[in-house]
There are 2 protein chains.
Amino acid sequence: MARSMHVRRPATLASLAAELGVSRTTVSNAYNRPDQLSPELRRRVLDTARRLGYPGPDPVARSLRTRKAGAVGLLLTENLSYAFRDPAAIGFLEGLALACEDAGTGLLLVPANPEREDVASVHRAGVDGFVVYSVPDDDPHLAAVLERPVPTVVCDQPDLGTVDRVGIDDRGAMYELARHLIGLGHRRIGVVCMRLARDRNDGFVTPDRQHAAHFHVQRNRLSGLAEAFSEAGVDWSQVPVAERFDHNMASGASGAAQVLDRDPGITALICTSDVLALGAMNEAARRGLRVPHDISVTGFDGIRAGEEAGLTTVRQPVLEKGRAAGKLLLDANERTRPRSVNLATELIIGKTSAGPRGGAEERWFGP
Amino acid sequence: MARSMHVRRPATLASLAAELGVSRTTVSNAYNRPDQLSPELRRRVLDTARRLGYPGPDPVARSLRTRKAGAVGLLLTENLSYAFRDPAAIGFLEGLALACEDAGTGLLLVPANPEREDVASVHRAGVDGFVVYSVPDDDPHLAAVLERPVPTVVCDQPDLGTVDRVGIDDRGAMYELARHLIGLGHRRIGVVCMRLARDRNDGFVTPDRQHAAHFHVQRNRLSGLAEAFSEAGVDWSQVPVAERFDHNMASGASGAAQVLDRDPGITALICTSDVLALGAMNEAARRGLRVPHDISVTGFDGIRAGEEAGLTTVRQPVLEKGRAAGKLLLDANERTRPRSVNLATELIIGKTSAGPRGGAEERWFGP
DNA sequence: TGAAAGGACCGTAACGGTTCAGAACCAATT
DNA sequence: AATTGGTTCTGAACCGTTACGGTCCTTTCA
């Protein structure tokens with residue numbers, strides 16, 4: 001009702017002051033510093049405000065003057081809705097939201113369509129800082145963020161040296177997982193990984209592409225695998241690595257299928273995420289392969305659904321990652337150098353990994 | 001590096017214009033309307049900007065001038081992180097995020113701690129509109145939103161008549177579900193519902209409290225149940241209704257326990273959400289009750305986990321709800337009257353509901 | 001050759017606040 | 001009577017931009 005009554009010029013702090021015959025300062029104080037004026041006058045100001053339909057100081061104008069937006073921006077280069085499909089991303093969001101809430105700060109999800117090169121949304125975002133979560137390191141949106149004169153925290157990204165960073169030791173964690181499989185006797189393996197760059201490549205990964213991957217996380221996980229298996233005498237360049245652009249169980253299944261078609265003799269299928277691993281297990285089942293009897297399957301992340309399936313994986317503290325990113329950003333004072341936080345991971349030995357059945361022999365004669 | 005070089009007064013559009021010897025308008029045009037100046041000058045402007053470390057027009061100042069924030073606010077009165085735990089809320093968020101993304105608009109999660117009555121965060125939010133999702137109808141944050149002179153869409157809230165609304169027919173859907181159970185022969189039932197008001201009440205619900213519930217959704221679902229069962233001759237005031245403040249499986253379990261302790265003879269346990277229902281099923285199992293052989297259990301929402309469990313429930317299009325809310329908000333033009341959208345629901349008969357075993361007799365003699 | 005058209009750029013006036021250094025006033029202290 | 005201290009309110013500067021309505025100069029065309 002009040003909404004439709006004052007169709008004329010909306011009231012402003014100035015017009016309210018004029019109406020009351022006081023200064024703008026006084027009206028401002030009525031809202032922001034009640035102790036700066038007498039209670040009676042304050043009441044009169046607030047009453048008149050209500051009568052005139054003045055909704056209180058304009059947030060944008062206030063932000064301009066105070067140089068505080070009261071919000072942090074989150075950049076994730078994906079269809080924004082992707083974040084709400086991926087369990088790990090949801091965990092990260094939750095942690096970040098917690099940190100923001102504690103600080104009474106808003107969280108602005110910045111739309112950054114990876115298809116378009118349109119970085120205007122980054123320029124338009126009125127925020128006090130940015131969190132950048134798992135975008136390719138050559139992403140133009142990331143570049144745009146870095147040019148904004150506000151503190152920034154990158155997460156699951158390479159250390160840029162200039163801004164704060166939160167992450168885990170993807171390489172080391174995957175190395176450890178690989179050591180587990182190697183210890184079990186696996187030498188003939190296949191890999192399914194997430195997208196390595198901005199272009200879609202649903203197929204095998206060349207060594208070049210692997211090396212030049214623009215997604216820090218994937219690059220490091222693969223590199224951890226390569227190191228461990230090379231040390232164990234496996235020729236990494238011969239290991240089939242299937243890449244999938246979309247991150248869902250269907251991709252895991254089709255990636256597993258592609259790898260198994262290429263080399264039906266593999267004894268372990270290593271996936272760079274739990275979601276992919278769960279899909280891979282479906283595909284294994286479809287082919288009549290028993291896990292882990294006929295083939296071992298491993299994941300990465302430690303999501304709930306994987307846990308329920310008894311998946312062997314690396315658990316990473318996704319919620320803590322979000323929270324740490326938020327905290328880092330929100331207390332970004334003038335320190336000497338950017339901070340870099342590595343959170344601990346944990347290798348979870350589930351029931352999807354075991355020694356290779358027919359492989360005992362090969363261990364002695366194989367490559 | 002560039003980040004730390006210009007510690008002096010940061011460059012502004014005006015200082016850049018002064019440096020170049022052109023007007024501020026021209027610099028502005030260089031960024032916003034390339035066709036309004038010659039390519040050479042534009043290049044010169046942009047180059048000088050880079051040299052001076054000018055990051056482009058300030059988003060807040062621009063917002064003030066253009067009266068566009070490029071973002072919509074989302075209010076959900078809960079620990080903000082709750083939204084990322086509840087599958088239905090996640091679906092809603094995803095839909096809303098999709099709509100925002102399509103429009104190139106940001107989505108600002110407004111921190112609204114239900115504990116504090118602090119509505120400052122609502123006042124501080126620089127947004128072009130609000131979406132309010134499932135908050136109690138007497139929530140001060142909601143009141144604060146309604147006083148802001150921006151378009152608003154409420155979702156899962158009563159129709160205020162003054163702003164757009166998106167929802168489902170909670171009452172009718174639950175009525176239909178109740179009819180299903182009644183048709184199976186159930187007369188002795190128990191209910192577990194989500195919080196009905198802002199105060200914590202983990203216990204049975206009085207008829208008064210039920211009637212005065214401040215959560216529109218819960219009020220209507222209960223009312224649908226009451227109507228159906230009253231029609232079937234059940235004295236609704238005697239039906240045990242356990243309320244739980246927290247919305248998780250543990251609450252479902254403890255609510256179920258409370259109801260079953262009160263009346264071990266119930267043949268059906270109706271929960272107002274799938275999450276609660278899944279918890280209730282755990283409790284039933286703990287007590288050695290087979291579902292649906294010994295007791296029927298029903299939910300509401302149609303979440304994935306419920307589907308996998310074969311839960312009898314009402315499926316509601318949560319993603320569509322979010323998307324619809326976003327669309328409504330983003331094309332809020334000057335229309336005659338506020339719009340109200342009801343989305344369709346679907347009764348899902350799963351394998352958690354069946355006829356009561358020992359109840360056939362009671363149907364004839366019972367109340 | 002004169003008029004009309006069009007491109008390139010500019011000056012001014014908002015946009016709606018916050019902040020800080022005082023001014024004005026009054027009561028209490030020296 | 002002069003000084004001090006406290007409360008209450010004011011004036012003016014400033015935050016960084018874009019909208020609006022020009023001006024000026026060069027072309028184009030009859």
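Just so it is clear, the structure is predicted and the values come from calculations on it, not from any experiment. Chain A is the first sequence line, chain B the second, and so forth, proteins listed ahead of strands; every chain is numbered from 1.
A donor-acceptor pair is defined here as one N or O able to donate and one able to accept, closer than 3.5 Å; such a pair exists between the side chain of A/Arg339 and the backbone of A/Leu328. For B/Arg148 (side chain) and B/Ala125 (main-chain N/O), a donor-acceptor pair under 3.5 Å exists by modelled atom type. The backbone N or O of B/Val72 lies less than 3.5 Å from no partner atom in the side chain of B/Asp128, so there is not a single donor-acceptor pair.
Close to C/dG16, at under 4.0 Å from its OP1 or OP2, lies a side-chain N or O of B/Arg67. Distances shown here put a side-chain N or O of A/Ser28 below 4.0 Å from the OP1 or OP2 atom of C/dT18. In terms of phosphate contacts, B/Ser23 brings no side-chain nitrogen or oxygen within less than 4.0 Å of OP1 or OP2 of C/dC9. For the pair A/Thr12 and C/dG16, the criterion of a side-chain N or O lying under 4.0 Å from OP1 or OP2 is not met. Under 4.0 angstrom from either OP1 or OP2 of D/dA19 there lies at least one side-chain N or O belonging to B/Arg33.
Nucleic acid contact class of B/Leu13 (heavy atoms, under 4.0 Å, all strands): base. Looking at heavy-atom distances under 4.0 Å, A/Val60 makes no contact with the nucleic acid at all. Among the atoms of the strands shown, only primed sugar atoms or phosphate atoms (P, OP1, OP2) are found under 4.0 Å from some heavy atom of A/Tyr54.
B/Leu16 places its CG atom 9 Å from the P atom of D/dT17, with the value rounded to the nearest Å. Computed from coordinates, the A/Lys68 NZ to C/dG17 C1' distance equals 17 Å when rounded to whole Å.
Out of D/dC15, C/dG17, D/dT17, the shortest distance to the side chain of A/Leu64 is found at D/dC15. Comparing C/dG17, D/dC9, D/dT18 against the side chain of B/Asn32 picks out D/dT18 as the nearest. Relative to the side chain of A/Arg62, the nucleotides C/dG17, D/dT17, D/dC9 differ in distance, and C/dG17 lies closest. Closest to the B/Ala61 side chain, of the nucleotides D/dC15, D/dT17, C/dC15, is D/dT17. Here D/dC9 is the nucleotide among D/dC9, C/dT19, D/dG16 with the atom lying nearest to any side-chain atom of A/Leu41.
Put simply, the side chain of A/Thr25 and the base of C/dT19 share a donor and an acceptor less than 3.5 Å apart. Residue-to-nucleotide contacts include no donor-acceptor pair under 3.5 Å from the side chain of B/Arg65 to the base of D/dT17. No hydrogens or angles were tested; on distance alone, a donor-acceptor pair under 3.5 Å links the side chain of A/Arg24 to the base of C/dG17.
In this pair, B/Tyr133 and B/Phe92 present their aromatic rings parallel. The plane angle is below 30°, not in the 30 to 60° band.
Using a 4.0 Å cut-off between a side-chain N of Lys or Arg and a carboxylate O of Asp or Glu, A/Glu101 and A/Arg323 do not qualify as a salt bridge.
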